[in-house]
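A quick write-up on the structure given underneath.
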2 protein chains.
Amino acid sequence: MPRTAEDNQRIKDERREDILTASRTVFARKGLSATKMSDIASAAGLSYGLVYHYFDSKEEIFAEIVRHAVQDTLNFASSVDVSDASPLEKLRAFCEFKIQKSVHRPEMHLIITQAFATDALPPEALAAIRQYGSKISETVRSWIQQGQETGHIIEGDPVELDMALFCALQGLAMLQMCSRVVPRGMPSVDTFLRMLSVRGDLS
Amino acid sequence: MPRTAEDNQRIKDERREDILTASRTVFARKGLSATKMSDIASAAGLSYGLVYHYFDSKEEIFAEIVRHAVQDTLNFASSVDVSDASPLEKLRAFCEFKIQKSVHRPEMHLIITQAFATDALPPEALAAIRQYGSKISETVRSWIQQGQETGHIIEGDPVELDMALFCALQGLAMLQMCSRVVPRGMPSVDTFLRMLSVRGDLS
DNA sequence: GTCTATACGTAGATAGAC
DNA sequence: GTCTATCTACGTATAGAC
């Protein structure tokens, strides 16, 4: 009994997902240019040529991963933004999200950063990245400003505070990726939030 | 009048330094594997083949840069360590050093990190890197512990606090490297130190 | 849909001229 | 000491067999 068109489509979707999943680790570990298509193929358990059946090029895979990662974070930030939580709670939720991602999928954040730094990247992926950067920091900054108005976030330039938080989260993803195990003594959300919160608001 | 042996030696030293300086930027920007020898050559204003007169391979240049950067930071940390400053002041001095380096030579910190992450690296460079990681964090951790004993640093696992600080500094270098200009609103030392210091010890 | 074999280009490294 | 020309290896992408 031959496979139906639906079966084929399902296989195709699965393979695409396999490739993307495998690529995430390899890209984060070795970077875009150092990653060979053969690396991806073997990581995904596929033959070399087959990868080209699903993606036109290495850069296309990279761009796709970036798109997904960006969308993921943006979605979460938006859902938090429209919630009725307090500004500090929103910041906490966002940090927890990023930290959790850093632990379980450190590739994500790191690949986004690579995309920022790298030169040779498809224009579409670059556009997504730019949007991500401005949109996220814009949102986080608004939380900080609201918190300052209610007196739960310390005074100071929101841009600076936003950057400080970004740096901490960024560095965490980096650290997580380098040390290939989950190290004991991971920084807690509270430690990071101490940079922003007014004395006494955290335990 | 022919050049003396000293002249030749001086020229040789200068060229080596030229190559290293030029390489730092390129490596940080593009990563080890994406960097071509031709990139380095043109960045240094030299011909392609000449680079091989001074270095045997691309990896050797990279390793040399890493060694320098590591030594630089280690030296500073040691000099601070033996000073009679308070633990919090030592931490502040170290942060200021790293932040300043991040601003003026963001390549440094970023290249060290790359070296951590990358797989294909000369064994010697790897050894230097490992030493760096353990030595630095060991020193910083000792400052944190001393500060906790004198009551100027908050209670908590020193390993965790050390990591948090490391993340922030790490992320800053990354950010600095990605946004190719010196952005307004750079995080201040105080903001980072708020993660560690007891309430009221900072302005 | 999946694989292996091949053509093409590019980058690392060397040799030899000036 | 400095350059250009060349050899070689490897990685991308494609073509064609199963």
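In the text below, chain A, chain B and the rest are named by the order of the sequence lines, each starting its count at 1. Keep in mind that this is a model prediction, so the values were computed, not measured.
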Please list, one pair per line, the donor and acceptor atoms closer than 3.5 Å that link side chains of residues 155-174 of chain A to other protein atoms, with sequence neighbours excluded.
from	atom 1	to	atom 2	distance (Å)
A/D157	OD1	A/V159	N	3.0
A/E160	OE2	B/S188	N	3.1
A/E160	OE2	B/T191	OG1	2.5
A/Q170	OE1	A/H109	NE2	3.2
A/Q170	OE1	A/T113	OG1	3.1
A/Q170	NE2	A/T113	OG1	2.9

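The interatomic distance linking A/H53 (NE2) with C/dG1 (C1') rounds to 6 Å, in whole Å. For B/Y54 and C/dA13, the OH to C1' distance is 18 Å, given to the nearest whole Å.
Partners of B/D18 by side chain to side chain donor-acceptor pair (under 3.5 Å), not counting sequence neighbours, listed by chain and number: B/R15. For A/F192, there are no ring-ring contact (aromatic ring centres under 6.0 Å, His included) partners two or more places apart in sequence or in a different chain. Take A/F97 and apply the ring-ring contact (aromatic ring centres under 6.0 Å, His included) test, not counting sequence neighbours, and it matches A/F76.
Within a 6.0 Å sphere centred on CZ of B/R10, other residues, nucleotides and ligands contribute more than 12 heavy atoms.
Applying the salt bridge (Lys or Arg N to Asp or Glu O under 4.0 Å) test to residues at least two apart or on different chains, the pairs with a partner in residues 67-79 of chain A are A/E64-A/R67, A/R67-A/E124, A/D72-A/K101.
If you check every strand for non-hydrogen atoms under 4.0 Å, B/F55 touches nothing.
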Protein-proximity profile, nucleotides 11-18 of chain D, B/S/- by nucleotide at the 4.0 Å heavy-atom cutoff, equals SBBB----
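For B/L46, counting side-chain heavy atoms from C-beta on, the closest listed nucleotide (D/dT2, C/dT2, D/dC3) is D/dC3.
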